[in-house]
Amino acid sequence: MAHMAKGLGGAVVAAAILATPAMADGLGLPLEGSFGENGFDRYVPPLTNPIFNETPFITTEVKPLYAYHETHDDFAGGGANVQVLALQARLAITEELGFIATTDGYTWIDWDSSVGLEDENGWNDIAIGLKYAFLNNPKEGQIATAGLRYTIPVGNLDVDELDLDLNGIGAGYINPFVSGAKLWDKTQVQGMLGAQIALDSDATTSLLASGHVDYEVSPGFYPMLETNLFIPIDGGEQIDTGTALDELTGADIIDLGSSDPDTIWTIGGGVRYAFSDNAMLGLGGDYNVLEDDNHAYGWRLLVDLVLHY
């Protein structure tokens with residue numbers, strides 16, 4: 001029954017996200033955000049690290065996304081692949097203030113047969129928050145935004161045989177962040193610094209950083225390079241055995257809560273193609289250059305569709 005309630009809660013949130021732009025339009029909100037009159041004229045959001053690498057631009061949009069993720073081949077004795085289907089949303093309340101809903105959806109884990117664990121699936125946590133563009137200078141191509149998210153621990157993804165929660169842990173997390181961008185002609189550089197702060201001793205607290213650069217090689221076509229860092233500064237207590245198991249390391253929607261997790265550093269990128277003024281397709285991925293058999297993060301492919309006002 002608890003799992004059903006969480007699933008129903010996720011469905012209600014998803015429905016509310018889809019209805020948000022129409023409701024906001026009826027309230028007379030400035031849905032253009034950073035792209036209204038005398039605003040910015042180009043929008044290329046980052047692709048990798050979709051949970052934490054928040055664009056500094058204030059937008060009204062929905063973004064369905066799909067991720068296919070492989071762990072290290074020897075993770076947990078044989079590795080796994082993970083698939084995630086999610087829906088993000090953003091709402092411009094003013095030209096400088098925006099609402100964001102960036103974590104939700106459903107996850108499937110398919111363990112290699114050598115691991116000896118049953119495949120798992122379940123709902124993800126839900127993260128919502130606000131962000132404010134304290135520097136907003138379209139003329140100079142500069143924007144910087146500060147934000148705060150809260151991750152509501154409603155997820156029910158776990159490993160039953162090990163009594164290990166992969167989300168829905170304790171009191172959730174708070175995520176303060178700052179992101180910024182600079183635009184020159186056909187080039188854009190973006191960056192993000194933040195932290196994922198656990199509100200429960202079972203979960204992991206980490207510092208976060210992301211970088212992004214894109215270049216418009218032809219109208220509406222943007223190749224991108226990106227990099228992301230997840231640096232644990234306080235491990236959890238879910239896995240605290242005094243053995244090598246304490247170094248097992250998760251990321252973003254999956255927190256193993258181990259007491260001595262490792263740093264994750266990914267390098268990747270992809271392409272975005274704007275096939276209309278209000279729709280943009282993204283395709284790419286990244287690879288954890290520090291991966292070893294402790295890491296749940298090996299490599300990842302992503303595809304998303306940004307539908308913005």
Side-chain angles (χ1 to χ4, degrees), residues 2-21 45-55 59 61-71 79-91 100-112 117-129 149 151-160 165-169 172-173 175 226 228 250-256 266 268 270-273 275 279-288 296-308:
H3 285 194
M4 184 181 299
K6 291 176 179 178
L8 180 59
V12 170
V13 169
I17 286 171
L18 289 171
T20 293
L47 178 66
T48 63
N49 192 13
I51 301 301
F52 297 116
N53 192 9
E54 179 64 24
T55 173
T59 64
E61 64 181 59
V62 292
K63 182 168 78 172
L65 65 91
Y66 168 79
Y68 178 86
H69 175 109
E70 289 272 359
T71 71
N81 68 71
V82 182
Q83 298 183 71
V84 180
L85 189 61
L87 179 69
Q88 296 184 338
R90 294 165 179 87
L91 171 66
I100 55 177
T102 55
T103 306
D104 62 17
Y106 203 81
T107 294
W108 297 261
I109 300 178
D110 183 10
W111 295 100
D112 186 88
L117 295 175
E118 294 291 330
D119 295 342
E120 302 287 349
N121 58 82
W123 295 96
N124 301 327
D125 292 336
I126 293 173
I128 58 174
R149 272 178 287 228
T151 299
I152 308 167
V154 296
N156 60 11
L157 186 66
D158 54 29
V159 181
D160 286 336
D165 292 327
L166 302 181
N167 57 27
I169 301 173
Y173 310 82
N175 169 220
E226 297 184 348
N228 305 287
D252 47 44
I253 64 168
I254 293 177
D255 182 3
L256 298 175
T266 77
V271 296
R272 285 203 179 278
Y273 177 64
F275 54 89
M280 179 179 296
L281 183 68
L283 177 65
D286 60 354
Y287 168 72
N288 177 16
Y297 205 123
W299 56 268
R300 179 180 291 177
L301 297 176
L302 299 113
V303 59
D304 67 27
L305 178 63
V306 182
L307 304 171
H308 60 95

Stepwise, does the side-chain contact (heavy atoms from CB on, under 4.5 Å) test hold for Trp108 with Leu85?
CA-CA 9 Å; Trp108 297 261; Leu85 189 61; 4.0 Å; yes
Residue of the set Leu166, Thr107, Asn156 for which side-chain contact (heavy atoms from CB on, under 4.5 Å) holds with Asn124:
Thr107
One should read off an interatomic distance between Leu256 CG and Ile169 CD1, to the nearest 0.5 angstrom, of 8.0 Å
With Asn81, which residues qualify under side-chain hydrogen bond (donor to acceptor under 3.5 Å, both in side chains), at least two apart?
none
Measure across Gly172 and Pro153 and return the closest heavy-atom pair with its distance rounded to 0.1 Å.
N-CG, 3.7 Å
Apply side-chain contact (heavy atoms from CB on, under 4.5 Å) to residues Leu281 and Phe275 and explain how you reach the verdict.
CA-CA 8 Å; Leu281 183 68; Phe275 54 89; 4.1 Å; yes
Among residues at least two apart in sequence or on other chains, which ones pass side-chain hydrogen bond (donor to acceptor under 3.5 Å, both in side chains) with Glu70?
Tyr68
Check Trp111 against Ala80 and note the closest heavy-atom contact, atom names and distance.
CE3-CB, 3.6 Å
Least distance between heavy atoms, Arg149 atom then Ile51 atom:
NH1-O, 3.2 Å
Spatial distance of atom CD (Gln88) from atom CG (Asp104) [nearest 0.5 Å]:
7.5 Å
Can you check side-chain contact (heavy atoms from CB on, under 4.5 Å) on Glu54 and Arg90, steps first, answer last?
CA-CA 11 Å; Glu54 179 64 24; Arg90 294 165 179 87; 2.8 Å; yes
Where is the tightest heavy-atom contact between Pro64 and Leu87, given as atom of each residue plus distance?
N-CD1, 3.6 Å
Residues passing the side-chain hydrogen bond (donor to acceptor under 3.5 Å, both in side chains) test with Asn53, sequence neighbours excluded, are none
For the CG atom of Leu157 and the CD1 atom of Ile253, what is their distance to the nearest 0.5 Å?
7.0 Å
Point-to-point distance, once rounded to the nearest 0.5 Å, from CG of Leu65 to CG of Leu47
9.0 Å
Working to the nearest 0.5 angstrom, can you tell me the gap between Ile254 CD1 and Asp165 CG?
12.0 Å
Would you please name every residue forming a ring pair (Phe, Tyr, Trp, His ring centres under 6.0 Å) with Tyr297, sequence neighbours left out?
His69
Establish, from distance only, whether the side-chain atoms of Asn49 and Thr266 form a donor-acceptor pair under 3.5 Å.
no
Listed by chain and number, what are the side chain to side chain contact (heavy atoms under 4.5 Å, CB included) partners of Asp112, not counting sequence neighbours?
Ser114, Val115
Only one of Val159, Asp160, Ile109 clears side-chain contact (heavy atoms from CB on, under 4.5 Å) with Leu117; which?
Val159
From Thr59 OG1 over to His308 NE2, what is the distance, rounded to the nearest 0.5 angstrom?
8.5 Å
Name the residue from Thr151, Asp125, Asp255, Thr103 that meets the side-chain hydrogen bond (donor to acceptor under 3.5 Å, both in side chains) definition with Tyr173.
Asp255
Shortest non-hydrogen contact between Leu302 and Gly285, atoms and distance:
CD1-CA, 4.1 Å
Nearest heavy-atom pair of Pro46 and Thr55: which atoms, and what distance?
CD-CB, 4.2 Å
Would you please name every residue forming a side-chain hydrogen bond (donor to acceptor under 3.5 Å, both in side chains) with Asp252, sequence neighbours left out?
Arg300
